[in-house]
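Since this is a predicted model, take the numbers as computed values, not measurements. Letters A, B, ... mirror the listed sequences (proteins, then strands); counts begin at 1.
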Amino acid sequence: MSAPSSTPNELAKTYAPAEAEPEVLARWEAANAYAADPTAPAPDGTYSVVIPPPNVTAALHLGHALNNTLQDVLVRYHRMKGYPTLWMPGTDHAGIATQTVVEKRLLAQGTKRLEMGREAFVEKTQEWKDEYEATILDQLQSMGASCDYDRTRFTMDDMCATAVRHAFFVLFRDGLIYRGKRLVNWDPVTRTALADDEVEMEDVEGHMWYLNYPLADGSGHVTVATTRPETMLGDTAVAVNPNDPLAEAVRGKEVILPIVGRTIPIVEDDYVVMADPDGDAKAQIASGFLKVTPAHDPNDWDIGLRHDLPVINIMGPDGGITDQYGWDDVSDEAQQFVGLSREDARTAIVAWFETNGLLDRVIDYSHSVGHSYRSHVPIEPWLSDQWYVAVTDDRLRGSALRAQSSDQTDSMPEGVSPRGDANGDGDLQFQPKRYARTYQTWHENIRDWCISRQLWWGHQIPVWNRLVANDVATPEVLAALDGVEVDVAQPVDSAWVAAGAAHLARRVTVDEIEESISVPPASSLGRLPRADQSMDEPQLVAAIEADGFVRDPDVLDTWFSSGLWPMSTMGWPWPEDYPDTAGLLDTFNPTSVLVTAREIITLWVSRMVMFNRYFLDGQVPFTDVYINTFVQDGHGQKMSKSLGNGVDPRDIIHSHGADAMRFSLVQMSTETQDVRMPVDIICPHTGEAFTPTYITTSAGHTVAAPIQDSPAGDGRQMVSNYGIAAGIAEPTAEIPLGRNSSPKFDVGRNFANKVWNATRFALGNLEGAQASAEAVDMAAPTTTFVDKWIVSRLAETITTLDAAVDNYQFNVYADTLYHFVWNDFCDNYLEAIKPTLAVTPSQQVVLGSVLDAILRVMHPVCPFITEALWPAVSAAKVGNIAGLELPASELAIVATWPVVDASLIDTDAAKTFGRAHELATEIRRLRAARAVKPKQKITVHVDEAIQNLIDAAGGMIETLANVGTVASSSGELPQVSSSIAFEGSQVIVSDLVEEVDLGAEAERLDKVIADLEGNIKNLEGRLSNEGYVNNAKPELVQESRDQLVAANADLEAARTARTALDT
RNA sequence: GGGCGUUUAGCUCAGUUGGCUAGAGCAUCUCGUUUACACCGAGAGGGUCGGGGGUUCAAGUCCCUCAACGCCCA
């Protein structure tokens, strides 16, 4: 371990985070200070947090820095409080997101995923993952996140993979996972299905086309309105509202679908909006007839089900028009459209209708279109076979809803059984509370969760499928499907089940059956009950494959593995297989709090609750969910990777230091407000911070221009972070990267420097102080006033900080620290003790102890500087204060949180300090108003009441206001003087300067008098109001009366002084 | 369309159950380099709390309404 830094004289004049931080990190690492010990005694319980695993797609930005800083504050605080503490770190493989960026990079290198093959691609992606995982972990450490890094997990590592396979198997076996042919949200660029909440609605300026479809009997036509004319090739009906007068004329008729020539029915369905020029927006643009395309629109799909319509899929996985996926009545006329992209097909089909006189009209129409959150292209509702988790089942959705605290939600939606006294019911709380409602309403409208993704990067679905014809299906399969409709899966009781697998079958068509077998992971197979134990997992898989089953090529939705995170990271389901995880699950799940962003309440929080409760006997994964604020850039845009406006925390650490970043972020964390962060660029040529020039992207976002000119104006340039993120610019030697910074972090940097220098002062003055064996008794008469006061303030501060942490009021924590350290400790206490410290041993003890306590309470927010100063401050301590427990410790990170006796809160001292400080301030105001030189010692003449106050303050007033002499005002008064009205007494001040400027003095007094008169008028008005006197709290009324008396006395004094001037 | 949030000093934000003359940091102005700190100290100026209405002795705070902005869900 490195030598403790320092005699005080060695401390530099300014805190240099870049020097301190690596050294401090090395000390923590050497001491293994982050390690969680599940076997440690836990009389008050344990404290644990799992990190929201960042995606391995890119480096962390300030939003992550905020999220992780808050977690670290909580973790460090509770560690100091003596709880056995675990902060579990890790990263998320982020299936589609990662695959997308890797594919993009491959494309830039001139190769493609499909050319490489699955194995090579996964290997390439693994390399990418390794790179970013390393970056992320490095970022976390640099910002001081005290995670137990030895336990770092990845959602695709072996431990997590086992959990995923086990969970999948159990849900499959229990009937909570099924496969079905459904319309999915299809991303034609990444060519995968998306979950409902991976689709982002965006407003699009489009058109509404009105197409004429001729009636089959030649009696005319109907006009359908559509925003998607290209899908008409797959129309299988036209729908009209049965209540619509238009319905009468076409009832029972058919139309000939143009281009295709397909004869399709007109069906009646009250989903259809009736045309009404005076109705709402939809009715105004409706034609009354709806084209029905079950294969390419979710609403049409539902209509199709109601009317038993055929489903004709005219598109391929790329969104192009094709006859390869179920379209078998392609006419000669339609042939020309096959092979077109969906965009080209739209143009061509509209042109065809126009040419053939069947285009009724076109209007501009702005509407919402679902876009892939990943590729940002419009999603295509597309028919395909996908795996689903039946989250609508009461065992999942109901369980998630019942987990909520009854304080936060009152009712359950229909069909959900009520909250009972089951394990975990009511254990989940949101903070801020309003997010409970978001959670609740989302669950009320939930649909089954599509979990299969047509990707290569992820957990391959542990299912083996085969298609069999009716006539060759096994008897047990036929038995299971006897009388069961198409597309409804049923469990099969087969030999595979006896061998430990689970077996489902479903009719894909009337004469074709799909069988699916899920195999548990090897570690589960032997442990779960099974009749036939002859095969281990590889043998079982081999046997299944030998029987014609093929492994499903799809992978699972990323959130399936993330949803298991609080369990999988702790060794579930078989912690005994991983000796390092011994005791974790029992000790640390449920975790104490999940700190996360509000956007993933649905994607992630809900799924963790469902899974944890389902697999761990109802137990919630965490008891508290704290939703942290968003970090926005200076233009109010969310910081994000995709926008390219994210700021790397390492840039801020570079410009301001990690503690400064942390402190500022904590201070910004309020309950309601998102934080706006104007971002500067630091010129790499000159070191100067400047506001960048901005450009507007095609998506309408304001971002820093990719290339920036140096503010030096000499033609030198730099690349902005946006330039790199958007792939527009690469830094070079001549045009290097301009790091980001923001003046928002100056507060934190200045604060750290203030603490550094206050410590320097204290250490310098404690050098050579005699150690005292006996603890200082704050109540003793010999203890000085300012010492009593500062210790009392310390005690109050600690109480406030405790409450702030309990209530997740992070900004209160930061502000309380700032005020106590800067104003109370530095501005008042240190200034006040300067004349007496050297000759007052008890004061030396108090100074050392208070400073020690300050480092402790600051540590959760500013771990580096407190750790850097810790050895010197510990060494300089010369004694203890009775009632304040600050046991010695090698490191600040493992020091105990200060324990204060309530008796140290001295309300008398606080009151006296308030009065004394006010008097000192009045004198300072006078000095400033009269331009008295700071070094000039003045004389005050006071009456008995003020003399008592000055005595009680024990020299503080004299020191803070630089008063040389205190004399009695009943004696002879000097000719040259000024006066202050204070608490009804007149304080005469002299020795200001050689000569008093009578004009300036008169002006000053006139202002004082005017202020007081206004104040008195206000108070009199209030007190003459009967309503106030009768209804307000009596102590409030009394307070007003006292104030009026004091103000009148002050006014009297000020007038006397003013009159004296005129004579 | 539904829900949530925001609107307070030039800027970024605090403001527990209604109750002292509405606060902080930065910026601005004046003075100051007194051996902890100019990343500092002392002092000052600056706000009809988004608009309108209401409840109340009393409204930044509660209610209604309008407007703007942001986010989530459809």
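- Residue A:R925 places its side chain closer to B:G43 than to any other of B:G43, B:G3, B:C40.
- When the C1' atom is compared between B:A24 and B:G46, the two are found 15 Å apart, to the nearest whole Å.
- Under 3.5 Å, the side chains of A:T392 and A:D448 contain a donor-acceptor pair of N or O atoms.
- Counting only N and O atoms by type, the side chains of A:Y626 and A:T596 include no donor and acceptor under 3.5 Å apart.
- Heavy-atom nearest nucleotides on RNA chain B were determined for A:T14 and for A:A762, and the one closer to the 5' end corresponds to A:A762.
- Taking atom C1' on both B:U65 and B:U55, the two are 15 Å apart, rounded to the nearest angstrom.
- For A:R1022, a side-chain nitrogen or oxygen approaches OP1 or OP2 of B:U21 to under 4.0 Å.
- A side-chain donor from one of A:Q404 and A:Q440 sits under 3.5 Å from a side-chain acceptor of the other.
- If A:N757 and A:N823 are placed on RNA chain B by their nearest nucleotide, the residue sitting closer to the 5' end is A:N823.
- Checked against B:G43, B:A14, B:C39, the side chain of A:D815 finds its nearest nucleotide in B:A14.
- Here A:E1020 does not pair with A:K1017 in a salt bridge; the nearest charged N to carboxylate O distance is not below 4.0 Å.
- Note on A:R434: only backbone sugar-phosphate atoms sit closer than 4.0 angstrom, heavy atoms only; bases stay farther off.
- Residue contacts shown for A:K834 include a base, since a base heavy atom lies under 4.0 Å away.
- Regarding contacts with the backbone of B:A14, a side-chain N or O of A:T670 is found under 4.0 angstrom from either OP1 or OP2.
- In this structure, A:K834 satisfies the cation-pi test against A:F761, with its NZ or CZ atom closer than 6.0 Å to the six-membered ring centre and inside 45 degrees of the ring normal.
- Closest contact between the side chain of A:K935 and the listed nucleotides B:U21, B:U34, B:G70 involves B:U34.
- Around atom NE2 of A:H654, no more than 12 heavy atoms belonging to other residues, nucleotides or ligands sit under 6.0 Å away.
- Taking only side-chain nitrogens and oxygens, A:R927 never comes nearer than 4.0 Å to OP1 or OP2 of B:G43.
- Pair assignment for B:A59 gives none, since no Watson-Crick or G-U wobble pairing has each distance under 3.5 Å.
- Under the Watson-Crick or G-U wobble criterion, with both distances below 3.5 Å, B:A36 has no partner in any strand shown.
- The C1' atoms of B:G45 and B:U7 are separated by 25 Å, rounded to the nearest whole Å.
- Distance A:L830 CG to B:A36 C1': 8 Å, rounded to the nearest Å.
- Distance check on atom C1': B:U17 versus B:U21 gives 23 Å, rounded to whole Å.
- Looking only at side-chain heavy atoms (C-beta outward), A:T959 and A:T836 stay at 4.5 Å or farther from each other.
- For the OP1/OP2 pair of B:C40 and a distance below 4.0 Å, the side-chain nitrogens and oxygens of A:K13 include no atom meeting the criterion.
- Distance from the side chain of A:E1039 is smallest for B:C20 among the nucleotides B:C20, B:A36, B:G70.
- Residue-level contact check: A:T441 touches neither bases nor backbone, having no heavy atom under 4.0 Å from any strand.
- Under the Watson-Crick or G-U wobble criterion, with both distances below 3.5 Å, B:G47 is left unpaired in every strand shown.
- Among the heavy atoms of the strands lying under 4.0 Å from A:K754 is at least one base atom, whether or not backbone atoms are also near.
- A sub-4.0 Å separation between OP1 or OP2 of B:G41 and a side-chain N or O of A:W822 is present.
- Base pairing analysis places B:G5 opposite B:C69; the two distances defining the Watson-Crick or G-U wobble pair are each below 3.5 Å.
- A:E918 and A:R915 are not joined by a salt bridge, as no carboxylate oxygen comes within less than 4.0 angstrom of a charged side-chain nitrogen.
- With a cut-off of 3.5 Å on both Watson-Crick or G-U wobble distances, the partner of B:U30 is given as B:A42.
- Side-chain atoms of A:K1033 lie closest to B:G19 of the nucleotides B:G25, B:C37, B:G19.
- A donor atom on one side chain and an acceptor atom on the other are not found under 3.5 Å apart for A:N1025 and A:R1022.
- A donor atom on one side chain and an acceptor atom on the other are not found under 3.5 Å apart for A:D824 and A:Y829.
- Side-chain atoms of A:N753 lie closest to B:C39 of the nucleotides B:G25, B:G32, B:C39.
- Counting non-hydrogen atoms under 4.0 angstrom, A:D827 reaches the backbone sugars and phosphates but no base.
- Separation of the C1' atoms belonging to B:G15 and B:C49 is 11 Å when rounded to the nearest angstrom.
- Checking B:G23 for Watson-Crick or G-U wobble geometry (two distances, each under 3.5 Å) identifies B:C13 as its partner.
- Residue A:E831 places a side-chain atom within donor-acceptor reach of the base of B:A36, judged by atom type and a 3.5 Å distance cut-off alone.
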What's touching nucleotides 57-59 of chain B from the protein side, N or O pairs under 3.5 Å?
| from | atom 1 | to | atom 2 | distance (Å) |
| --- | --- | --- | --- | --- |
| B:C57 | O2' | A:N1025 | ND2 | 2.5 |

